[in-house]
Every structure is written in structure tokens, then in C-alpha cells.
> 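The structure's right below; bear with me while I get my questions together.
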2 protein chains.
Amino acid sequence: MPRMQLTKTMIIETALSLAEQQGYEAVTMANIARSLSIKPPSLYNHFKNLEEIKHAMAEAAQIQLYEALRDTEQGAQPLLSLAKAYVHFGSSHPGLYASSLPGGSWEVSEALVQLIADGLTSFPLDETDKIHAIRGFRSMLHGFIDLNKHAGFKLDVDLEKSLEQMVGIYVRGLQS
Amino acid sequence: MPRMQLTKTMIIETALSLAEQQGYEAVTMANIARSLSIKPPSLYNHFKNLEEIKHAMAEAAQIQLYEALRDTEQGAQPLLSLAKAYVHFGSSHPGLYASSLPGGSWEVSEALVQLIADGLTSFPLDETDKIHAIRGFRSMLHGFIDLNKHAGFKLDVDLEKSLEQMVGIYVRGLQS
DNA sequence: TTGTAAAACTAATCCTATTAGTTTATAGTT
DNA sequence: AACTATAAACTAATAGGATTAGTTTTACAA
């Protein structure tokens, strides 16, 4: 295997730091190649096309998201800690979070879901209801991040408070 | 004003039907121009650039979303009806819904918020808590639509049921 | 009827992604 | 140590986007 200085991992790491520093829209073949001091066509020796690169990015970004959540303090309100960590990750690393959306691997998705499931253990839910509850929780958090990105919340009311209230309402709804 | 057959409204309507029929990514200067049987540069006589066109689209799309929600039956569970109408609109008109996200006008945004506020009247909330509750509700619904679009919910569990449960949990949380 | 200005046009520039075809360097084999 | 096959880079090209400059056309107003 000749000239294998350049690896898939290097390409994905370069693409992710591009997303992190200049936004997800900056993830182009031209920009990735420029960052690596190669020409765009060379990338096709390692990935079929840009879509494949973005899929690989999603997997790596999802792992970073997972690790950020896993390292969260599990205090008295595990769902609130999780929510804050999730929204904080999405808001402070928008490019990375956007990178994670296209999908990723089944295992990491599952691990992420398990993290939420762990926060739900204190509520008596059968398997199906647990899945519904997890979907609702993720929807809430993702929607909060994404609406914010689209400047959805215009009023001058504390965002962090909104997040706390939202999670508070949801948790009380699970209890009753 | 010479040759004013082409109006801003015609351009926006063309762009919206492009989004509706071929997806939001199909909203390009080239495609809009092609649909109108003109050349792309002609569009710049009416709009500064593509971004401005997309802003105008957002306003029109948001009105359509508002009207779809306004015409909703206000039964015993107004928030559930609203949620179903919202998610149904987002899922069955993904291009239109995506068009609405970049913003729109303040008045329409406000009207949309008011629609949710109307569904919240039976709950005793002060002004600030009402805003938090509205933000949470919108986050939930938008997140549900968007995660679905990104194939976020992989498990074979009824989606409509998930939506009902999610709204049910939130409403119970508001009550307690 | 003529002049002006709006609205179309053509042609060009500068981005993308992607493919074809070519060169080069290296790893493994003789 | 020389040879060869191949991976991995390259150049050059195509096709599609947004946008700008400059030109022509046309409708209306004076």
C-alpha cells in the first residue's frame, strides 16, 4: 500500500474540525482537501463521495456527543443534568452537533438512547412507554437546540430557565 | 414600469412549489428561473439574492403553517389537536415546513405563538411561565418532526402513539 | 414621439462535486 | 537489488450552482 500517510481517520478529523471551527456548511471537498494540502480528487481514493464522508463524520460526532453526556454528573435530577449537557453540547458546538445528525452507527445511537433510559429508571414504565418517553425527551432537546439555531425564540426571556422549566414539566408529567 | 409580468409573489410561489414538490434543496436560482422560463440573472431584478428569496418564502410558508393550525378542531384536548396538526403539516409537507424555518415576520410568529397560548388557557401560568411553556411545546414538536426527517427514530414503535404520549406527558406536567 | 428606467438578456467569474486518465512512489516478490 | 503491481496522488475536464457587469429591449410617461 503506497503513500498511505493519509488515512480515513485523518480526513474525518479534518472535516470535523472544519465543522467545529467554520460551521457545517464549510464541510466541502475543497475545504477538506485544502486543510490537508492535497487536491480534492485525492479524497475519492478514500471515500466514495462527500455523502460518505458526512456519514463517517456523523459516527465520530455522535461518539463525542455520547462521551459528553456520559461524563455528566448524575445528581438528584439525572434527566435535567442530561438535558443541560445535551443542549450545552448542541449550542456550544453547533458544527459538531450538526455533523452528528445524519445518523451514525446503530451501536452509538443505542448507547445514547440507553443514557436517557438510565435517567428514566425511577419512573415505572413498560418497554413501549419507555421508548415513547425517550423519543419525547430527545425531541424536546433537539427541538430546543434547533429552534434556537434558527432564531426561533425571539423574546427576551432567559433561555436556560426555559430549558429547566421544559424539562421540569416533562419530568412531572412522567411522574403523574 | 416596463415588463412587470413577473412579480415577487410569482417568484415566491414558484419557489415554494419547488420546495413542496422537489424538496427544499431544489430551491436554487437555476431551478426557480427554469420554472419561470427566464434566466437566473433576471431574478436579481426582484430580489437581492437567494437568501432574500428564502426569507420571503419563510414568511409565506409560515402563514400556510399558521392557517393549517388555525383551522384545527379545538376539542377537549386543544394542545393535542394542535400538536397533531403541527406534526402532520411538518411531515406531509417537509419542503414547505423547511421553508418556514428561516424566520418569517414577527406578526406571523406572534400569531403562531398565540395559537399555542390559546391551548394553554386552562393552565394557571404567569406570563413568564407561559413563555417557557410555549417554548417547550414548540421545541417538542419541531424536534419530533426534525428527528424523524433525519431518521432519528429507528425502532418499530408506532410514531403517532409516541406523539400522543409525548404531548400527554407534557400536558400532565403542566397540570401538576 | 421620444426618453427613461425597469426588466430582461448574454457573458463572465468563481464557487462547488465529481470523473477520467495519468503519473508516481512504495511494498512485496523475484 | 531490480521489478512489478497497485495504491494514492496528480492534472484536466465537465456540469451545476450563485453572482456581477454590461447590454439590449420594452413599456410607460412626458
Side-chain angles (χ1 to χ4, degrees), chain A residues 1-61 94-96 98-99 101-103 150, chain B residues 1-61 94-96 98-99 101-103 150:
Chain A
M1 290 145 197
R3 266 202 269 187
M4 56 154 288
Q5 320 112 17
L6 190 58
T7 64
K8 285 198 178 205
T9 306
M10 284 168 63
I11 293 172
I12 297 309
E13 276 172 5
T14 301
L16 283 175
S17 67
L18 223 38
E20 168 87 33
Q21 290 161 27
Q22 300 176 220
Y24 192 61
E25 326 72 43
V27 178
T28 66
M29 292 307 231
N31 278 341
I32 298 170
R34 204 186 337 273
S35 296
L36 290 163
S37 306
I38 58 171
K39 304 296 170 187
S42 302
L43 292 168
Y44 291 83
N45 287 318
H46 303 274
F47 290 96
K48 195 165 129 275
N49 51 32
L50 181 58
E51 199 190 335
E52 215 183 63
I53 292 181
K54 288 186 171 176
H55 270 8
M57 287 173 72
E59 189 152 342
L96 219 49
S99 301
L101 290 178
H150 286 293
Chain B
M1 290 145 197
R3 267 200 272 185
M4 55 153 291
Q5 318 111 15
L6 188 58
T7 62
K8 285 198 177 205
T9 306
M10 284 167 63
I11 293 171
I12 297 308
E13 277 173 3
T14 302
L16 283 175
S17 69
L18 223 38
E20 168 87 33
Q21 290 162 26
Q22 299 176 220
Y24 191 63
E25 325 72 43
V27 178
T28 66
M29 292 307 231
N31 278 341
I32 298 170
R34 205 186 334 274
S35 296
L36 289 163
S37 304
I38 58 172
K39 304 295 172 188
S42 302
L43 292 168
Y44 290 83
N45 288 318
H46 303 274
F47 289 96
K48 192 165 132 277
N49 51 33
L50 181 59
E51 198 190 336
E52 215 182 64
I53 292 180
K54 287 186 171 176
H55 268 17
M57 288 173 72
E59 188 152 343
L96 219 48
S99 301
L101 290 179
H150 287 293

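What you see is a predicted model, and the numbers here were worked out from it, not measured in a lab. Each chain gets a letter, A, B and so on, in the order the sequences are listed, and its residues count up from 1.
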> Using a 4.5 Å cut-off on heavy atoms from C-beta on, say whether the side chain of B:Ser42 contacts that of B:Leu6.
no
> In whole angstrom, give the distance that lies between atom CD1 of B:Ile38 and atom P of C:dT10.
12 Å
> State whether A:Ser42 places a side-chain N or O below 4.0 Å from either non-bridging phosphate oxygen (OP1 or OP2) of D:dC10.
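Yes, such a contact exists.
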> What protein N or O atoms touch nucleotides 23-25 of chain D N or O atoms at under 3.5 angstrom, if any, and at what distances?
unit_1	atom_1	unit_2	atom_2	d
D:dT25	O2	B:Arg3	NH2	2.8

> Rounding to a whole Å, what distance do you find between A:Lys48:NZ and C:dT18:P?
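Taking atom P of C:dT18 as the reference, NZ of A:Lys48 is at 9 Å.
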> Considering non-hydrogen atoms only, spot the tightest contact between A:Leu18 and A:Ser35 and give its length.
CD1-OG, 3.7 Å
> Hey, could you give me the CG/NZ distance between B:Leu43 and B:Lys8, rounded to the nearest 0.5 Å?
12.0 Å
> Round to a whole Å and report the spacing from CG of A:Leu43 to P of D:dA8.
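It is 13 Å, rounded to the nearest whole Å.
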> Do you know which two heavy atoms are closest between B:Gln5 and B:Met10, and how far apart they sit?
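Looking at all heavy atoms of both residues, the shortest contact is O-SD, 3.1 Å.
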> Of the listed nucleotides (C:dA8, C:dC9, C:dT19), which one gets closest to any side-chain atom of A:Pro41?
C:dT19
> Restricting to nitrogen or oxygen on both sides, can you table the protein-nucleotides 14-17 of chain C pairs closer than 3.5 Å?
unit_1	atom_1	unit_2	atom_2	d
C:dA17	OP1	A:Met29	N	2.8
C:dA17	OP2	A:Met29	N	2.9
C:dA17	OP2	A:Ala30	N	3.1

> Strictly below 4.0 Å, heavy-atom distances to any atom of DNA chain C: list the hits from residues 11-21 of chain A, or just say none.
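Result for residues 11-21 of chain A: none.
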> If you measure from CZ on B:Arg34 to NZ on B:Lys39, what distance do you get to the nearest 0.5 Å?
9.5 Å
> Could you pull out the closest heavy-atom pair between B:Gly95 and B:Tyr24, with the gap in Å?
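B:Gly95 and B:Tyr24 have their closest heavy atoms at O-CD1, 4.1 Å.
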> State, to 0.1 Å, how close B:Glu25 and B:Gln22 come at their nearest heavy-atom pair, and which atoms those are.
OE1-O, 3.9 Å
> Between C:dA25 atom P and A:Leu6 atom CG, what is the distance in whole Å?
17 Å
> End-to-end bend of the helix from C:dT1-D:dA30 to C:dT30-D:dA1 (five-pair axes, 10° rounding)?
10°
> Let me confirm one number: the CG-NE2 distance from B:Leu101 to A:His150, rounded to the nearest 0.5 Å.
4.5 Å
> Quickly work out the B:Lys39 NZ to C:dC9 C1' distance and round it to whole Å.
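Value for this atom pair: 9 Å.
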> Please list, one pair per line, the donor and acceptor atoms closer than 3.5 Å that link side chains of residues 44-61 of chain B to other protein atoms, with sequence neighbours excluded.
unit_1	atom_1	unit_2	atom_2	d
B:Asn49	OD1	B:Glu51	N	3.2
B:Asn49	OD1	B:Glu52	N	3.0
B:Glu52	OE1	B:Lys48	N	2.9

> Would you kindly give the CG-to-C1' distance between A:Asn45 and C:dT18, to the nearest whole Å?
13 Å
> Using the side-chain contact (heavy atoms from CB on, under 4.5 Å) rule, pick out the option among A:Ile11, A:Thr9, A:Leu16 that qualifies with A:Glu13.
A:Thr9
> Of the non-hydrogen atoms in B:Pro40 and B:Ala30, which two are nearest, and what is the gap between them?
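So the minimum-distance heavy-atom pair works out to CG-CA, 4.2 Å.
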> Listed by chain and number, what are the side-chain hydrogen bond (donor to acceptor under 3.5 Å, both in side chains) partners of B:Glu20, not counting sequence neighbours?
B:His93
> Calculate the interatomic distance between B:Phe47 atom CZ and C:dA6 atom P; express it in whole Å.
17 Å
> Please report the closest heavy-atom contact between B:Ala15 and B:Val27, naming both atoms and the distance.
O-CG2, 3.8 Å
> Take atom CD of B:Glu52 and atom C1' of D:dT19, then tell me their distance rounded to the nearest Å.
14 Å
> Ignoring backbone atoms, test whether B:His46 places a side-chain nitrogen or oxygen under 4.0 Å from the OP1 or OP2 oxygen of C:dA6.
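No, no such contact exists.
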